[in-house]
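For reference, the structure is listed below as C-alpha cells.
Below, all heavy atoms of this structure are taken into account, side chains as well, without hydrogens, waters or symmetry copies.
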Amino acid sequence: MTGGRSPRLRRQWRGAALALAAALTALGVALDASPALPRLPGLPGSAAVQWAVPTAAAGGFVVWFCRRHLDANRRDPTTGTSEEGSRASEEGSGTSEEGWGTEGERPRRYATLGLANAVTVARGGLFAAVAGFAAVEPAGRVVWLPALCYGTGCLLDLADGAIARRRGRTTVLGAKLDMAVDTLGFLVAPVVAVVWGRLPVWYLSLSAARYLFKAGRGYRRARGRPVYDLPSSAVRRPLAGVQMAFISVALAPVLPVATVRALAAVVLAPSLAVFARDYLVVSGRLSSGDDGG
C-alpha cells in the first residue's frame, strides 16, 4: 500500500487525534477540580470551560492540519540518503520500503504516521493546552503550567527531528507539521503572556511576522510574481531557539515584569530583522548571496 491515506495511516491519525483529545480532556477535568483556577467574571461557563474553548480550537487545528497533509507523508528528497532508509528497516521500523520508489521516481508515501510525527502532534497538544490560559487566570502552582507545557513542547522540538533522522523517516509531512506547530506555539504563548501582562502587546509582532511572511509569498505567487528560494541560514534556527527560551521564561513567574518587558525588545529585534531580510530575499529585492547568516 503506497497511498498517502491508506487505511493504516488513517487509523493511526485517528488514534493520534483521540489520544490528543483524551489528554486535553483529562487536563481540563483536573483543572476544573483545582481551586487555583478561578473563573473570569463576564465569561460564561466554569473556568475549565473557559480554558477548554481556545484549547479545543488550537488542538483541532493541529489534528486538522495533520489530516489535510497526510498525502505528504513521503520521504523528503531534500534530506537524508537511501542508506538511512535501509538502516531504518534494519532497526525495525518496517516502513522504509514504502518510503522509496525506484530510481528516478518520486518517493512513495509511507503507510504509517511514524514516531517523529506523533511526537510533533504531541507538541501541538502541549501548545494547545497553553492557548487555554488566554481565557483564565490561574493562581498557586497552576500558574507554572503554561510555562511547563510550552517549555516541554519546545524541548520536544529537538526530539522529533532527531527521531526522524535517526530512523530515516524525514518526511514532507513532518516538515510541514513541524512548521505549523512551531508557528502555533509562537502565536498562543505570546498571546497568553500579553493577556497576563507579562509581555508588552507589541511583542505580538513576532507572531504576526510569521503570518505576514507567508501571506507575502502567497500574494506574490497569486499575482504571478517570482518567489525565490529561501537560502539556508546559520542564525534563523538559533534565533527561534532564543525566542522559545525567552517566552518560556516570560510565562513563568521567575522574573519581575519590568525585567521581562525590558528583555523583550532586545530579544525581539534580531528576529524581526531576519524576517524582513528573508522576505527581501524571497521577493528578489535582496540577493541570496547577501545573506550573511
Results of side chain to side chain contact (heavy atoms under 4.5 Å, CB included) for Val194 - residues two or more places apart only:
Leu199, Val201, Leu204
Are Thr120 and Asp160 close enough, and set up right, to give a side chain to side chain donor-acceptor pair (under 3.5 Å), and what steps lead you there?
CA-CA 6 Å; Thr120 308; Asp160 55 8; 2.9 Å; yes
Contact summary for Arg169 and Thr112, nearest pair of heavy atoms:
NH2-O, 2.8 Å
Would you mind listing the cluster partners of Val266? Hydrophobic ones only (ILVMFWY), side-chain contacts under 4.5 Å, chaining allowed.
none
With no hydrogens and no angle check, is any side-chain donor or acceptor of Thr55 less than 3.5 Å from a backbone partner on Ala131?
no
If every non-hydrogen atom of Pro146 is compared with every non-hydrogen atom of Val130, which pair is closest and at what distance?
O-CG2, 3.6 Å
Under 4.5 Å side-chain linkage, directly or through intermediates, the cluster mates of Val119:
Leu115, Leu126, Leu156, Ile163
Could you work out, with side chain to side chain donor-acceptor pair (under 3.5 Å) as the rule, every residue matching Asp157, not counting sequence neighbours?
Arg123, Arg237
Determine whether a donor-acceptor pair (N or O, by modelled atom type, separation under 3.5 Å) exists between the side chain of Gln12 and the backbone of Leu113.
yes
Is the backbone N or O of Asp71 less than 3.5 Å from a side-chain atom of Arg109, with the two atoms forming a donor-acceptor pair by type?
yes
Could you report the tightest heavy-atom contact between Asp76 and Ala175, atom names first, then the distance?
OD2-CB, 4.5 Å
Ring pair (Phe, Tyr, Trp, His ring centres under 6.0 Å) contacts in which one or both residues fall within residues 136-171, not counting sequence neighbours:
Phe127-Tyr150
Is there a side-chain contact between Arg236 and Arg277 in this structure, where contact means two heavy atoms from C-beta onward sitting under 4.5 Å apart?
yes
Between Val63 and Trp13 the two heavy atoms that sit nearest each other are O-NE1, 3.0 Å
Summary of side chain to side chain donor-acceptor pair (under 3.5 Å) pairs that have at least one residue in residues 21-31, sequence neighbours excluded
none
Which donor-acceptor pairs under 3.5 Å do side chains of residues 209-221 form with protein atoms, sequence neighbours excluded?
unit_1: Tyr219; atom_1: OH; unit_2: Arg223; atom_2: NH1; d: 2.6
unit_1: Arg220; atom_1: NE; unit_2: Pro226; atom_2: O; d: 3.0
unit_1: Arg220; atom_1: NH2; unit_2: Pro226; atom_2: O; d: 3.1
unit_1: Arg220; atom_1: NH2; unit_2: Ser283; atom_2: O; d: 3.3

Taking only residues two or more places apart in sequence or in another chain, which ones pass side chain to side chain contact (heavy atoms under 4.5 Å, CB included) with Trp202?
Pro200, Ala264, Ala265, Leu268
Under 3.5 Å: donor-acceptor pair, side chain of Thr171, backbone of Asn73
no
So which atom in Ala128 and which in Leu24 form the shortest heavy-atom distance, rounded to 0.1 Å?
CB-CD1, 4.2 Å
Under a 3.5 Å distance rule, please check whether Trp51 uses its side chain to pair with a backbone N or O of Leu27 as donor and acceptor.
no
Taking side chain to side chain contact (heavy atoms under 4.5 Å, CB included) as the definition, give me every residue that meets it alongside Ala56, ordered by chain and number, with sequence neighbours left out.
none
Return a table of donor-acceptor pairs under 3.5 angstrom between the side chains of residues 246-263 and protein atoms on other chains or two or more places apart.
unit_1: Ser248; atom_1: OG; unit_2: Met244; atom_2: O; d: 2.9
unit_1: Arg261; atom_1: NH2; unit_2: Gly197; atom_2: O; d: 3.4

According to the salt bridge (Lys or Arg N to Asp or Glu O under 4.0 Å) rule, which pairs have a member within residues 47-59, sequence neighbours left out?
none
Verify, without hydrogens or angle tests, whether Asn117 (side chain) and Leu173 (backbone) share a donor-acceptor contact under 3.5 angstrom.
no
Partners passing side chain to side chain donor-acceptor pair (under 3.5 Å) against Gln243 (at least two apart in sequence or in another chain):
Tyr203, Ser271
